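Each chain gets a letter, A, B and so on, in the order its sequence line appears, and its residues count up from 1. Keep in mind that what you see is a predicted model, and the values were worked out from it rather than measured.
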Amino acid sequence: MLIASWNINGVKARLDALTAWLTERRPDIACLQEIKSVDEGFPRKAIEDLGYHVETHGQKGFNGVALLSLKAPEEGSVLRGLPGDESDEQSRYIEALWQTEAGPLRVASIYLPNGNPLGTEKFDYKLAWMARLEKHAAGLLEREERLILAGDYNVIPEPTDAAKPDVWVNDALFQPESRGALRRLIHLGLVDALREVDESEAVYTFWDYQAGAWQKNNGIRIDHLLLSPEARIALRSVGIDKHVRGWEKPSDHVPIIAELAE
DNA sequence: ATGGTCGTTTTACGA
């Protein structure tokens, strides 16, 4: 089965690309980020017409995440919002559990805070959010299920994950604190699936709209699929749908996708 | 050599 994640940068602006991609790929579960829509504004019918179940956690204008799936998640299993701070009003996390022939599979769609500019409350919020994610992930891992934490982490893990690492040194995406927090999360026992791709070729997931970044392949790898050991054992292949970045009206991110044994 | 983008809460801001 195919589990995918894609920061679509606005579901209304990206509806044609989203339906084209869903039709082409038919992922069993698709995690979306930056839907930039309230739940009522999500183009639910166009997605349901393709055979997908839709679960959203939106907000007005910014952020917003969703889970699309060919089969409905288990009743009552959908979790909206990252636990750990009742005062956090930003919609950046949705999680659900599916029962499959191979047993339970839990998937989360994550839109981690950008954190720029440095030295502001935005960077503090990013690090606090990452600490909450680590705590929540530790609890999930205790379940010993197949678990995929998928999404836009807004963290460049290593210098090799950027075409021009030097231009990111003063950016929240590449700070030692951000990278350290991601490492701590992974060290709970998760595998960065895209890292397992042949390292002879750099894999990026985001190319800025500005300065011809796409044409120059000036990209960064910030979208990640983090797998529990149980999910890692089932992993058959992983990759990116790079061609989608070359479509009309593209998102600045491309879909990332993992194939699991059934 | 230089300037160059999107999406939305649209003439401001977040990314």
Side-chain angles (χ1 to χ4, degrees), chain A residues 5-21 31-44 46-47 56-66 82 88-93 109-130 133 150-157 161-175 177-179 181-182 204-224 240-256:
Chain A
S5 176
W6 189 15
N7 179 324
I8 56 173
N9 189 19
V11 68
K12 298 182 190 82
R14 213 68 61 217
L15 187 55
D16 287 348
L18 176 59
T19 56
W21 174 71
C31 305
L32 303 181
Q33 300 89 36
E34 280 206 270
I35 62 173
K36 296 187 175 181
S37 167
V38 293
D39 295 336
E40 311 81 69
F42 192 92
R44 171 178 292 272
I47 307 303
T56 61
H57 182 44
Q59 72 179 84
K60 198 172 183 182
F62 305 112
N63 306 325
V65 286
L82 181 65
D88 185 1
E89 295 182 342
Q90 300 191 31
S91 297
R92 298 179 172 276
Y93 187 93
S109 180
I110 293 168
Y111 179 47
L112 207 143
N114 175 292
N116 280 305
L118 297 179
T120 69
E121 70 287 347
K122 292 187 176 182
F123 190 58
D124 295 337
Y125 174 68
K126 178 182 192 136
L127 297 181
W129 206 94
M130 294 187 82
L133 179 61
D152 177 0
Y153 280 76
N154 268 316
V155 177
I156 302 165
D161 297 311
K164 297 183 178 181
D166 50 310
V167 307
W168 295 95
V169 294
N170 293 316
D171 193 287
L173 277 59
F174 198 49
Q175 290 313 292
E177 295 94 330
S178 312
R179 296 169 60 197
L182 179 62
Y204 306 131
T205 65
F206 168 94
W207 293 262
D208 200 287
Y209 288 124
Q210 299 185 69
W214 167 243
Q215 288 74 13
K216 296 173 184 170
N217 196 28
N218 179 14
I220 52 176
R221 190 175 73 93
I222 56 175
D223 299 85
H224 308 304
I240 63 173
D241 281 340
K242 191 172 182 178
H243 65 289
V244 171
R245 185 62 177 80
W247 285 355
E248 293 258 327
K249 275 191 78 178
S251 169
D252 39 9
H253 296 250
V254 293
I256 59 178

Among B/dT8, B/dC6, B/dA15, which is the nearest nucleotide to the side chain of A/Y209? B/dC6
Judged by each residue's nearest nucleotide on DNA chain B, which is more toward the 5′ side, A/Q59 or A/N7? A/Q59
A/L173 CG - B/dG14 P separation (whole Å): 16 Å
Separation of B/dC13 atom C1' from A/N63 atom CG, nearest Å, is 13 Å
Sequence neighbours excluded, the answer for side-chain hydrogen bond (donor to acceptor under 3.5 Å, both in side chains) partners of A/N218 is none
Rounding to a whole Å, what distance do you find between A/K249:NZ and B/dC6:P? 10 Å
Considering only the C1' atoms, how many Å lie between B/dC6 and B/dT11, rounded to the nearest integer? 16 Å
Please work out if A/K216 contacts a base, only the sugar-phosphate, or nothing of the nucleic acid, heavy-atom cut-off 4.0 Å. base
Nearest listed nucleotide, side chain of A/K36, among B/dT8, B/dA15, B/dG4: B/dT8
The side chain of A/K12 lies closest to which of these nucleotides: B/dT5, B/dT8, B/dA15? B/dT8
5'-most contact on DNA chain B (nearest-nucleotide basis), A/G10 vs A/N116, goes to A/G10
Between A/K36 and A/N9, do the side chains contain an N or O donor and an N or O acceptor separated by less than 3.5 Å? yes
What's A/F206 touching, base or sugar-phosphate or nothing? Going by heavy atoms closer than 4.0 Å. nothing
What contact category does A/A211 fall into here, base, sugar-phosphate, or nothing, at under 4.0 angstrom with non-hydrogen atoms? base
